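Since we're looking at a predicted model, the values are computed, not measured.
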Amino acid sequence: MPRLSVIVPAYNAAGTIASALRSTLRALPRDAEIVVLDDGSTDDTAGAARGTGDRRVRVLSRPNRGVSATLTDLLDATDSELVARMDADDLVLPGRFRRQLTALDGGADAVFTTVVTWGSGLPGVPRPTGIDAEDFGLHLLLTNPVAHSTLVARRSAIVDAGGYRSLPTEDYDLWLRMVEHGARIRRLALPGLAYRVHPGQVTASETWRRSSWENTEIAESYSTLAERLIGAPATRITSLSIDDSLSAKEKLAEVDRFSALFRRALDGHRPSAQRALRRKLAERRAWLAARVDDAAVAAR
C-alpha cells in the first residue's frame, strides 16, 4: 500500500478535474496515490479523471450520496497511513506535500496550509502566518481557520475521532472532535493550494451556513471542546447570532462571558499567538454586534 492517499470527492467536475489532478500529480510524493470518487455526476467527471492516463490515479464511481458519505467511502477504499484531501476544482501548488509530510514527521497528526484564492476578481494572497498545534483549538472556537482541501493527516487521527459525519460543515465538525481527542493540528504559513472561488459553491450559500449554525451535533462538539480549552461549555458566536430565544443584550452578555474565559485561556501561549487570537476574538465580537444591530433595525 502507498504511504499517502490523496482522496478527491467529485461531482459534475468534468471541466476542472483534469487540471486539479495534473497539479496534484506534479507535487505528489513517490509513495502515494490519488483516489477519485465520482459521486453520481451527470457529466463525464469520471472520464475526465481517467483521462490523465497516470497509473497513480484510481477512479471510482457510484450513485450520488453527498460529500460526507463520499469522503467516508474514500477512506474505506484506501488503507494508507496518511490521507490528504484535494477538491476537484482547486490546484495544488509546488512543494505542498513535501512541506506537510515534513511537519507530520516532526510530530503533527494533521497539517494544513494557507491558500491563494482565485476565480473571482483579483487573486487573494494570505498573510504568511501559520498556526501552531498549541493554538489550533482556540482558533477553532472562533472560526474554521483552514481549507479542507489542504489537509494531510494521519489516518489514525481521523478514525480515532470518529471520522466524517453527515452534517453541514462536516470538516469543521471533524476538526473539533480531532482536537478534543488529542490530535496535534498545525497550519503551515506558505500557501499549498490555489482555492477556486465561484458563486455556485456550497460554502457560498447563506442557507448552508445557517444549517451549520443550527446543527445540534456540531454545537455539542463545539461546547465539549470549549469546556476542555476555556473551562466551561460555550455556544458558537455564529449560533448565538440566530438564537431567537435570546435578546440582543443577552447575546452580547454571553459573548462577553465567553471572551473573558477565552482571554484567560491565552495565558502561557506565545505572545504572537495571543495577539492573533485577541484580534480574531475582537473581530468575532464586532461581527455579532453588527448582526444584532442589523436585526434590531429590521425589526422596527
If you measure from the Lys or Arg side-chain nitrogens to the Asp or Glu carboxylate oxygens, is any gap between [X] and [Y] under 4.0 Å?
X	Y	answer
Arg184	Glu134	yes
Arg196	Asp90	no
Arg154	Glu81	yes

Which atom of [X] lies closest to which atom of [Y], heavy atoms considered:
X	Y	result
Ala13	Thr45	N-OG1, 2.7 Å
Ala20	Asp89	CB-N, 4.4 Å
Ala48	Ala14	CB-O, 3.8 Å
Thr113	Arg96	CG2-CG, 4.5 Å
Gln274	Leu266	NE2-O, 3.2 Å
Ala248	Val292	CB-CG1, 3.0 Å

Does [X] reach the main-chain N or O of [Y] with its side chain, forming a donor-acceptor pair under 3.5 Å?
X	Y	value
Arg228	Glu180	yes
Ser80	Leu4	no
Thr224	Glu220	yes
Ser239	Trp213	yes
Thr117	Tyr195	no
Thr143	His139	no
Ser68	Arg165	yes
Thr70	Gly66	yes
Asp135	Ala273	no
Arg177	Leu225	no

> Honestly curious: do Val159 and Leu174 fall in one hydrophobic cluster under the side-chain, below-4.5 Å linking rule?
Replying inline: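 Unlinked, Val159 and Leu174 end up in two clusters.
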> In terms of hydrophobic clustering (I, L, V, M, F, W, Y; side-chain heavy atoms under 4.5 Å; direct or indirect links), are Tyr11 and Leu74 co-clustered?
Replying inline: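 No, Tyr11 does not connect to Leu74 through the hydrophobic network.
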Mind checking the [atom1]-[atom2] spacing from [X] to [Y]? Nearest 0.5 Å is all I need.
X	Y	atom1	atom2	value
Leu277	Arg270	CG	CZ	9.5 Å
Arg3	Arg30	CZ	CZ	14.0 Å
Leu176	Glu217	CG	CD	12.5 Å
Lys251	Ile242	NZ	CD1	8.5 Å

> Do the rings of Trp175 and Phe112 sit parallel, tilted or perpendicular, given the 30° and 60° boundaries?
Replying inline: perpendicular
>> I'd like to check the side-chain hydrogen bond (donor to acceptor under 3.5 Å, both in side chains) partners of Arg284; sequence neighbours left out, ordered by chain and number.
In response: none
> Step by step, would you call Leu37 with Ser61 a side chain to side chain contact (heavy atoms under 4.5 Å, CB included)?
Replying inline: CA-CA 6 Å; Leu37 178 48; Ser61 296; 5.6 Å; no
>> One pair to check against side chain to side chain contact (heavy atoms under 4.5 Å, CB included): Leu193 and Leu91. What are the steps and the verdict?
In response: CA-CA 6 Å; Leu193 190 83; Leu91 299 173; over 6 Å; no
[X] versus [Y]: any side-chain heavy-atom pair under 4.5 Å?
X	Y	value
Leu140	Tyr172	yes
Leu82	Ser5	no
Arg58	Val36	no
Arg187	Thr129	yes
Arg85	Asp87	yes
Phe258	Leu281	yes
Ile7	Met86	no
Arg264	Ile230	no

> Are more than 12 heavy atoms from other residues, nucleotides or ligands located less than 6.0 Å from atom CD of Glu250?
Replying inline: yes
>> Does Arg62, at its CZ atom, have more than 12 non-hydrogen atoms belonging to other residues, nucleotides or ligands within less than 6.0 Å?
In response: yes
> Can a donor-acceptor pair be found between the side chains of Ser245 and Asp243 at a distance below 3.5 Å?
Replying inline: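 Per modelled atom types, Ser245 and Asp243 side chains form a pair under 3.5 Å.
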Determine the sole option in [options] for which the side chain to side chain contact (heavy atoms under 4.5 Å, CB included) test with [X] is passed.
X	options	result
Asn12	Asp39, Asp38, Asp43	Asp43
Arg285	Ile237, Leu252, Leu142	Leu252
Val57	Thr24, Leu25, Leu28, Val35	Leu25

>> Between Arg210 and Glu206, is the salt bridge (charged side-chain N to carboxylate O under 4.0 Å, His left out) condition met? List the steps.
In response: CA-CA 6 Å; Arg210 188 179 180 97; Glu206 177 67 26; 5.6 Å; no
> Hey, mind stepping through Arg65 and Asp73 against salt bridge (charged side-chain N to carboxylate O under 4.0 Å, His left out) and telling me if it holds?
Replying inline: CA-CA 10 Å; Arg65 294 182 56 203; Asp73 288 348; 2.9 Å; yes
> Between Arg236 and Ser223, does a side-chain hydrogen bond (donor to acceptor under 3.5 Å, both in side chains) hold up when you go through it step by step?
Replying inline: CA-CA 8 Å; Arg236 290 171 70 186; Ser223 187; over 6 Å; no
> How far apart are the C-alpha atoms of Leu188 and Thr114, what are their side-chain angles, what is the distance that settles it, and do they pass the side chain to side chain contact (heavy atoms under 4.5 Å, CB included) test?
Replying inline: CA-CA 7 Å; Leu188 303 182; Thr114 57; over 6 Å; no
> After noting the C-alpha distance and the side-chain angles of His148 and Tyr164, does the key distance pass the ring pair (Phe, Tyr, Trp, His ring centres under 6.0 Å) rule?
Replying inline: CA-CA 12 Å; His148 192 177; Tyr164 291 99; 5.5 Å; yes
> Does the salt bridge (charged side-chain N to carboxylate O under 4.0 Å, His left out) test come out yes or no for Arg257 and Glu254, once each step is laid out?
Replying inline: CA-CA 5 Å; Arg257 181 193 71 86; Glu254 178 60 23; 2.8 Å; yes
> Does the pair Glu170 and Ser166 meet the rule for a side chain to side chain contact (heavy atoms under 4.5 Å, CB included), with working shown?
Replying inline: CA-CA 7 Å; Glu170 76 288 331; Ser166 294; over 6 Å; no
